[in-house]
> 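Before we start, here is the structure in question, set down as structure tokens.
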Amino acid sequence: MSVMERIQAEVESHPIVLFMKGTAQFPMCGFSSRAVQALKAAGASQLHTVNVLEDPEIRANLPRYSNWPTFPQLFIHGELIGGCDITLELFESGELARMISETQRQ
């Protein structure tokens, strides 16, 4: 399986996927930590994380897959939502909680 297929499989296999530096329990950068905090506060109980520091192929190819240059990268229902700033903006507006609520009803 190619790295692009592996990324696609991660995105399609889980309703909420965060490609991040570190893990939800031990984030390795402030942006990843803030994204996890916002997701948890918005009610994401089905959060699946992928540690890009553990897989150099995913770290190198995810920006090409998503056309998004930075980490973390949040996908909901297979769609790129964005990085930390967008995740925080969606959280502050209440939109992230709505998106997560819809995800967990399915």
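Just so it is clear, the structure is predicted and the values come from calculations on it, not from any experiment. Just so you know, residue 1 is the first one in the sequence shown, and it goes up from there.
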> Please find the pair of heavy atoms, one from Ala35 and one from Cys84, that lie closest to each other, and give the distance.
N-SG, 4.3 Å

> Please list all pairs meeting side-chain hydrogen bond (donor to acceptor under 3.5 Å, both in side chains) that have one or both residues in residues 16-44, counting only residues at least two apart or in different chains.
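As it turns out, there is no side-chain hydrogen bond (donor to acceptor under 3.5 Å, both in side chains) pair with a partner in residues 16-44 once direct neighbours are skipped.
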
> From Glu79 CD over to Leu74 CG, what is the distance, rounded to the nearest 0.5 angstrom?
10.0 Å

> With rounding to the nearest 0.5 angstrom, report the CD1 to CD1 distance, Ile16 to Ile100.
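Going from the CD1 atom of Ile16 to the CD1 atom of Ile100 covers 4.5 Å.
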
> Donor-acceptor check, side chain of Ser13 to backbone of Glu10, threshold 3.5 angstrom: yes or no?
no

> Show the nearest heavy-atom pair for residues Val11 and Val17, with the distance to one decimal.
CA-CG2, 4.2 Å

> Got a sec, which pairs hit ring pair (Phe, Tyr, Trp, His ring centres under 6.0 Å) with one end in residues 2-61, sequence neighbours left out?
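Found His14-His48, Phe19-Phe75.
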
> What heavy-atom pair brings Asn61 and Arg64 nearest, and what distance separates the two atoms?
OD1-NH2, 2.8 Å

> If two hydrophobic side chains count as joined below 4.5 Å and joins carry through other members, does Trp68 share a cluster with Val36?
yes

> Would you say Leu80 ends up clustered with Phe91 if hydrophobic residues are merged whenever their side chains have heavy atoms under 4.5 Å apart, either directly or through other cluster members?
yes

> Of all the heavy-atom pairs spanning Gln46 and Pro15, show the shortest one and how long it is.
OE1-CG, 3.1 Å

> Distance check, rounded to the nearest 0.5 Å: Thr87 atom OG1 versus Leu18 atom CG?
7.0 Å

> Residues in salt bridge (charged side-chain N to carboxylate O under 4.0 Å, His left out) with Glu95, at least two apart?
Arg98

> Of all the heavy-atom pairs spanning Gly22 and Met28, show the shortest one and how long it is.
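In this case the closest contact between Gly22 and Met28 is CA-CG, 3.3 Å.
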
> Report the distance from atom CG of Leu39 to atom CG of Leu88, rounding to the nearest 0.5 Å.
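Here the interatomic distance stands at 9.0 Å.
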
> Spell out, yes or no, whether Phe71 and Leu53 are grouped together once hydrophobic residues are joined by side-chain heavy atoms under 4.5 Å, including indirect joins.
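No, it is not one cluster - the side chains of Phe71 and Leu53 are not joined through contacts under 4.5 Å.
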
> Can you tell me how far apart CD1 (Ile58) and CE (Met4) are? Round to the nearest 0.5 Å.
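Reported value, rounded in 0.5 Å steps: 11.0 Å.
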
> Can you see which heavy atom on Ile86 is nearest to which on Ile81, and at what distance?
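Scanning both residues completely, I find the closest heavy atoms to be CG2-O, 3.5 Å.
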
> What's the spacing between Asp55 CG and Arg59 CZ if we round to 0.5 Å?
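Answer rounded to 0.5 Å: 8.0 Å.
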
> Can you tell me if Thr103 uses its side chain to pair, donor with acceptor, with the backbone of Met99 under 3.5 Å?
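Such a contact is found between Thr103 side chain and Met99 backbone.
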
> Tell me, do Val50 and Ile7 make a side-chain contact under 4.5 Å, heavy atoms counted?
no

